Amino acid sequence: MEYIKKIIDLVKPRTTRAFKGGVELRGINMESAKQEIRAAIELNQWPVEIFDTDVRLKSISIREK
């Protein structure tokens with residue numbers, strides 16, 4: 001969960017909620033946030049994955065592997 005908290009601090013979503021075993025980050029800029037999350041995961045080798053996106057809600061869902 002510490003990795004997810006670091007990602008939340010990085011992208012600063014308007015709201016977060018539990019979603020399908022992970023966390024949904026809502027109210028973010030989809031393209032830049034997705035790039036920032038992927039870069040942080042790859043750079044730090046965090047066991048986190050993006051498993052869902054919703055353009056209508058402007059949300060990205062992440063969870064630990």
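Note that this is a predicted model, so its numbers are computed, not measured.
Closest of all the heavy-atom pairs between Ile28 and Val11 is CG2-O, 4.3 Å. In plain terms, the two heavy atoms of Asp54 and Arg56 that are nearest each other are OD1-N, 2.9 Å.
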* To do: Under the side-chain contact (heavy atoms from CB on, under 4.5 Å) rule, what do Ile60 and Met30 come out as? Steps first, then yes or no, please.
  => CA-CA 7 Å; Ile60 296 175; Met30 294 283 291; 4.1 Å; yes
* To do: Could you walk me through whether Lys6 and Trp46 pass side-chain contact (heavy atoms from CB on, under 4.5 Å), step by step?
  => CA-CA 10 Å; Lys6 289 179 182 180; Trp46 289 338; 3.8 Å; yes
* To do: Would you please test Ile7 and Ile41 for side-chain contact (heavy atoms from CB on, under 4.5 Å) and show each step?
  => CA-CA 9 Å; Ile7 290 172; Ile41 290 170; 4.3 Å; yes
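Remark: Ile37 CD1 to Ile50 CD1 distance equals 5.0 Å, nearest 0.5 Å. In this structure, the separation between NZ on Lys12 and CG on Asn29 is 14.0 Å, given to the nearest 0.5 Å. Put simply, CD1 on Ile62 and CD1 on Ile4 are 5.0 Å apart, with the number rounded to the nearest 0.5 Å.
Residues Leu25 and Phe51 do not share a hydrophobic cluster, clusters being chains of Ile/Leu/Val/Met/Phe/Trp/Tyr side chains in contact below 4.5 Å.
Between Val48 and Arg63 there is no side-chain heavy-atom pair separated by less than 4.5 Å. Looking at Pro13 and Ile8, their side chains come closer than 4.5 Å, going by heavy atoms from C-beta outward.
More than 12 heavy atoms of other residues, nucleotides or ligands sit less than 6.0 Å from atom CZ of Arg17.
Remark: side-chain polar atoms of Lys34 are not paired, donor with acceptor, to backbone N or O of Glu31 under 3.5 angstrom.
Between Glu24 and Arg26, at least one side-chain nitrogen of the basic residue sits less than 4.0 Å from a carboxylate oxygen of the acidic one, meeting the salt-bridge criterion.
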